[in-house]
Amino acid sequence: TESPSGGRSGALSPRPPVTGDVKKIDVNPPKGTRDFPPEDMRLRNWLFNNFKEVSRLYGFEEVDFPVLESEALFTRKAGEEIKDQLYCFEDRGNRRVALRPELTPSLARLVIQKGKSVSLPLKWFTVGQCWRYERMTRGRRREHYQWNMDIIGVPGVMAEAELISSIVTFFKRIGITESDVGFKVSSRKVLQEVLKSYSIPENMFGKVCVIIDKIEKIPVDEIKKELKVVGLSQEAVQDLLQVLSVKSLTELEERLGGSGEAIADLKQLFSLAEKFGYSKWLQFDASVVRGLAYYTGVVFEGFDREGKLRAICGGGRYDHLFSTFGAEDIPACGFGFGDAVIVELLREKGLLPELGQQIDNLVCALDEELQGYAATAANMLREKGQSVDLVLESKPLKWVFKRAARTNAERLILVGKSEWQRGMVGVKVLSTGEQYEVKLDDLN
Ligand SMILES: OCc1cccc(Br)n1
């Protein structure tokens, strides 16, 4: 280690005196962001390991992308909140860049980059941090981690059914049942079929959906006003709002007629849900449109049945995202699952796991001059795959026992002079109090 003066280790040069004029830094993380101290990191790893295990079960491959992307990936002109809150800036090369607010555009970028070198369908997943710059007036977070699963190259709703199945599998793994959570399912093709008779320009469709997604967040008169601003007639607005209140697929079929794609897709999805065994988790809800402009078909969101929390996860089909990046369109669907609401739900349900530290061995030399032998013992155990918390300086036994308790160490390995001379070490099994000596070579 380098001493403060930059010399090699040995006697450290005297530390500069801590004088009153050194301003104490703000030790909190930037507004809207989180630290993950060990106990929080254990919970995060538990959650992410479940994300990744489910992804593996479903045959998905892990991918990753830079958290910093070209701003151009996210500058859709559809009035989305995600665009209004873009964490963007100009870098030292005068490039417009942004901290990614979502993962799907990066995924699409990588698929396009790979081009013909990858064979479809692609089943890719990632867990990544996403950012938004929101005026902290609302005290909301500016970052969260999202689990994303995407299926690229499958046009049929079997892909959406598979994605929803993977989320159900995840929920079951962590103890969440269909009595805790459900999925509201619809299709943007419902809106498309209503609007087709009003000759709404194709490029307005995303905007209309983004406005309608706010239906439970702002007064309906504001929704109507915004829809008129984008060019919808009074009649079109009425028709749209009326179809959003449709309560069943049967009623929807009566409203739209039985020949449209929306009904066909949704009927097939609910039939596949039976076969996957998760029908009880799904309900048709015509008001679900989701807030991302690029969805084009089935959309879904996971919600807590007590209605206390924001959406747990959400996703849908986005068959035209690739062409917005100048590439050939590829049918695609995916979802995002944030790391915050699910933890709130688990806390509500008393399902947060107990995750203490776990150490196999606490190894301690009983005398200063035995430190090296303690290191030898630690190394032998580590080579056998045993975790070791090696006491690195001379400490009273009382301290050692307290540390063993705090770290949930299974065993205490005591390196004493007389034992060592006989090639032995002392072992204390902390759960039973059993105490014995063992030859070093037999330590495992
Ligand atoms: O789900 C919207 C979102 C995007 C980025 C960061 C956070 Br916190 N929330």
Side-chain angles (χ1 to χ4, degrees), residues 28-36 40-41 43-44 47-48 51 64-89 96-109 125-150 163 167 170 181 183-184 206 209-218 288-295 299-304 307-316 318 321 333-347:
N28 295 305
K31 276 185 183 307
T33 69
R34 298 165 292 174
D35 293 318
F36 287 87
D40 295 341
M41 198 63 200
L43 177 62
R44 176 174 133 181
L47 190 68
F48 290 14
F51 287 155
D64 195 11
F65 328 101
V67 74
L68 182 76
E69 284 278 13
S70 163
E71 185 187 46
L73 248 60
F74 313 109
T75 49
R76 302 184 291 265
K77 309 254 183 307
E80 295 157 287
E81 188 180 68
I82 210 163
K83 161 84 168 47
D84 299 342
Q85 297 173 346
L86 197 58
Y87 211 130
C88 53
F89 56 96
R96 293 296 308 169
V97 290
L99 297 181
R100 64 191 177 195
E102 53 167 330
L103 297 160
T104 307
S106 300
L107 180 131
R109 176 180 62 69
F125 84 92
T126 191
V127 181
Q129 193 174 35
C130 296
W131 292 82
R132 66 184 173 196
Y133 188 86
E134 190 172 44
R135 300 268 164 262
M136 285 312 282
T137 44
R138 292 167 63 178
R140 292 204 303 173
R141 279 174 295 100
R142 284 189 176 149
E143 54 77 23
H144 73 170
Y145 286 81
Q146 263 192 34
W147 171 40
N148 274 221
M149 297 261 274
D150 289 84
L163 289 175
I167 307 173
F170 170 78
V181 162
F183 290 87
K184 295 174 185 172
C209 293
V210 168
I211 294 168
I212 288 178
D213 179 61
K214 298 184 281 190
I215 196 121
E216 284 168 11
K217 298 160 199 161
I218 63 175
V288 173
V289 283
R290 298 297 294 165
L292 292 169
Y294 49 68
Y295 287 133
V299 283
F300 53 87
E301 72 185 31
F303 69 99
D304 84 288
K308 290 181 185 167
L309 305 173
R310 303 178 308 286
I312 301 164
C313 56
Y318 52 95
L321 180 61
C333 58
F335 68 79
F337 194 125
D339 72 327
V341 178
I342 185 63
V343 169
E344 291 173 46
L345 179 69
L346 289 170
R347 187 172 290 116

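Predicted model, so just to flag it, every value in this text is computed and none were measured. Order of appearance sets the numbers: ligands from 1, and atoms from 1 within every ligand. Positions are given from 1 along the sequence. Values below: every heavy atom of this structure, side chains too, minus hydrogens, waters and symmetry copies.
- By the criterion of a heavy-atom distance under 4.0 Å, neither the backbone nor the side chain of R140 is placed next to ligand 1.
- Counting protein heavy atoms only, atom 9 (N) of ligand 1 is closest to R132 NH1, 3.4 Å.
- In the vicinity of P101, heavy-atom distances shorter than 4.0 Å reach the ligand 1 atoms 4 (C), 5 (C).
- Inspection of the R44 and Y145 side chains reveals an N or O donor paired with an N or O acceptor under 3.5 Å.
- Ring-plane geometry between F51 and W147 is classed as parallel, the angle between the planes falling under 30 degrees on a 0 to 90 degree scale with a further cut at 60.
- Heavy-atom proximity to C130, at under 4.0 Å, picks out these atoms of ligand 1: 5 (C), 6 (C).
- For E69 and S106, the side-chain atoms include at least one donor-acceptor pair closer than 3.5 Å.
- Of the protein's heavy atoms, H144 CE1, 3.5 Å lies nearest to atom 1 (O) of ligand 1.
- Side chains of Y295 and D213: no donor on one and acceptor on the other come within 3.5 Å.
- Note that R142 lies in the cation-pi zone of Y133, set by a 6.0 Å cut-off to the ring centre and a 45° limit from the axis.
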